Enquirer: 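Before I ask anything, here is the structure I am working with.
Protein chains get the first letters and strands the later ones, always in sequence-line order, with residue 1 at the start of each. These figures come from a predicted structure and were not determined experimentally.
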Number of protein chains: 2
Amino acid sequence: MTAQETSETLSPRIGASLLEARKRAGFSLDELARQSGVSKSILSQIERDRTNPTLATVWRICAALEHPPEALFRAGVVEKPAGIVAVSANATPEVRSEDGLCCLRILGAIETVESVQWYEFAAEPGGLLDSAAHGAGSMEHLTVTEGRLTVTANGETRTAGPGETLRYATAEGGHRIVNDGETPARALMVCTL
Amino acid sequence: MTAQETSETLSPRIGASLLEARKRAGFSLDELARQSGVSKSILSQIERDRTNPTLATVWRICAALEHPPEALFRAGVVEKPAGIVAVSANATPEVRSEDGLCCLRILGAIETVESVQWYEFAAEPGGLLDSAAHGAGSMEHLTVTEGRLTVTANGETRTAGPGETLRYATAEGGHRIVNDGETPARALMVCTL
DNA sequence: AACATATGTTCGTTATACGGAATATCAGAA
DNA sequence: TTCTGATATTCCGTATAACGAACATATGTT
């Protein structure tokens with residue numbers, strides 16, 4: 001399989017739209033190469049769909065052009081079901097923190113993954129969940145149902161007990177949730193964009 | 001410059017979100033490798049941000065997961081309020097059903113009331129909550145945490161126990177939640193759109 | 001225990017994306 | 001024409017993304 005076939009059939013054709021974006025920005029290949037840190041030889045090949053760029057490369061080009069990367073993708077046909085859809089307990093996917101002490105059960109439906117997502121959060125004593133920054137404008141809402149949890153976000157640290165809710169932006173920098181109590185803690189976590 | 005540095009500083013960290021998308025889709029690495037045509041060794045490395053994937057690779061993974069690729073590109077261009085907002089337990093508003101046996105604690109923030117709203121739902125045995133239809137396209141997601149609850153919506157009736165989730169459209173006609181068990185029931189309710 | 005099954009990780013090799021330099025290609029001006 | 005100067009493309013060595021297979025790590029079964 002050649003590079004041409006690959007880039008034309010199995011991935012989006014972003015060459016034309018990148019070329020257009022570059023023209024719109026008034027950049028030459030040399031100029032864009034300087035601004036983005038991507039060599040102009042690669043830029044030339046990408047614009048003609050002769051290579052299959054890495055994410056990092058596309059990322060840097062878009063950053064230099066101030067061109068939103070998501071504009072390179074055209075997709076999204078979603079259908080919605082009728083009736084009632086049931087998801088059993090053991091069909092609910094789980095994610096664990098690195099230390100293995102925290103567990104996130106993913107409750108949100110896949111259709112809403114872009115706008116809102118929610119989880120049941122459980123942390124053993126000492127458990128720590130470190131999360132990277134989410135998208136621009138995203139917020140996290142944590143309602144503690146059991147035990148105590150301490151959240152650090154945006155340079156601030158607060159602790160909450162049962163019934164209390166913490167809300168914090170997650171766009172800038174990572175955030176951290178710790179169970180520094182003596183008992184297991186549980187919470188509901190809702191992430192909105 | 002190492003691969004790690006590249007993927008962590010010069011491109012979006014997509015590993016975690018791809019891992020989560022895969023878990024949500026219920027795929028193992030093997031399964032996703034078959035569906036997407038991407039080798040599982042690469043899948044493993046991508047999810048741990050140990051490599052810098054090409055667009056074609058990301059594209060095929062997203063296609064197999066039915067995960068919108070633009071959801072991976074969420075880099076901050078917008079500013080957001082900082083800090084953490086705490087809401088105490090007794091500052092959380094509650095609503096009761098007509099029969100007085102069901103209680104809805106409103107956990108969602110005011111700002112998101114248009115797009116998504118969420119509640120902690122509690123029902124004594126025999127409790128019944130009747131709701132009118134919501135807006136077009138709206139869905140309700142009910143995850144039972146304790147006891148058993150029976151939902152009637154869209155002409156269908158289903159019962160769920162702890163850990164189970166029921167999803168149903170609420171645009172057409174009213175819907176009803178009943179605790180027809182012998183013990184109190186609790187659930188998380190999320191209403192979207 | 002030993003075994004089986006399913007999952008995720010590491011290893012060795014090949015294909016290729018990348019950067020830099022050389023090479024077109026095309027203006028306008030003397 | 002011959003010179004620039006600015007543009008885009010091709011060549012080539014190197015770094016690395018990708019693949020397949022071997023390995024590791026659970027988790028359950030007899």
Enquirer: Quick one, B:R158 and B:V151 - any side-chain contact, counting heavy atoms below 4.5 Å?
Expert: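 Not in contact.
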
Enquirer: Expressed in angstrom and rounded to an integer, what is the separation of B:L43 atom CG from D:dC19 atom C1'?
Expert: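 That distance rounds to 11 Å.
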
Enquirer: Is there a donor on the side chain of B:S41 or the base of D:dG20 sitting less than 3.5 Å from an acceptor on the other?
Expert: yes

Enquirer: Output the rounded distance in Å from CD (B:E47) to P (C:dT9).
Expert: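 Whole-Å distance recorded here is 8 Å.
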
Enquirer: Base, sugar-phosphate or nothing for A:S28? Non-hydrogen atoms, less than 4.0 Å.
Expert: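 It contacts sugar-phosphate atoms only.
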
Enquirer: Using whole Å, what does the distance between atom P of nucleotide D:dA18 and atom CZ of B:R48 come to?
Expert: 14 Å

Enquirer: In whole Å, I'd like the distance from the CG atom of B:N52 to the P atom of D:dA18.
Expert: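 From B:N52 CG to D:dA18 P: 8 Å.
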
Enquirer: Let me know the distance between CG of B:L55 and P of C:dT16, rounded to the nearest Å.
Expert: 16 Å

Enquirer: Of the candidate nucleotides D:dG20, D:dT7, C:dG19, which contains the atom at the shortest distance from the side chain of A:I42?
Expert: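 The answer is C:dG19, which lies nearest to the side chain.
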
Enquirer: Any N or O donor-acceptor pair linking the side chain of A:K40 to the base of C:dG20 at under 3.5 Å?
Expert: no

Enquirer: If you check every side-chain atom of B:Q45, which of C:dG19, C:dA17, C:dC11 has the closest atom?
Expert: C:dC11

Enquirer: Round to the nearest Å and state the distance from B:R50 atom CZ to C:dG8 atom P.
Expert: 17 Å

Enquirer: With hydrophobic residues grouped by side-chain heavy-atom distances under 4.5 Å, do A:L142 and A:V178 end up in a single group?
Expert: no

Enquirer: Rounded to whole angstroms, how far apart are CZ on B:F27 and P on C:dG8?
Expert: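 Nearest whole value for this atom pair: 13 Å.
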
Enquirer: Please confirm whether the shortest side-chain N or O distance from A:T51 to OP1 or OP2 of C:dT16 is below 4.0 Å.
Expert: no

Enquirer: Counting just side-chain N and O atoms, does A:S39 come under 4.0 Å of either OP1 or OP2 of C:dG20?
Expert: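 Looking at the OP1 and OP2 atoms of C:dG20, neither is under 4.0 Å from any side-chain N or O of A:S39.
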
Enquirer: Check the pair A:L32, A:I61 against side-chain contact (heavy atoms from CB on, under 4.5 Å), reporting the backbone distance first and the verdict last.
Expert: CA-CA 8 Å; A:L32 181 54; A:I61 296 171; 4.3 Å; yes

Enquirer: Would you mind telling me which of C:dC18, D:dA18, C:dG8 lies closest to the side-chain atoms of B:R22?
Expert: C:dG8

Enquirer: Report yes if some heavy atom in the side chain of B:L104 is under 4.5 Å from a heavy atom in the side chain of B:M189; otherwise report no.
Expert: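 Of all side-chain heavy-atom pairs linking B:M189 with B:L104, at least one is under 4.5 Å.
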
Enquirer: What is the distance, to the nearest angstrom, from the CG atom on B:L32 to the P atom on D:dA18?
Expert: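 My rounded result for the distance is 13 Å.
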
Enquirer: For B:T54 and B:K23, take the nucleotide of DNA chain C holding the closest heavy atom to each; which residue's nucleotide lies nearer the 5' end?
Expert: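 Checking each residue's closest nucleotide, the 5'-ward one belongs to B:K23.
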
Enquirer: State, with a plain yes or no, whether a side-chain heavy atom of A:L18 is found less than 4.5 Å away from one of A:L65.
Expert: yes

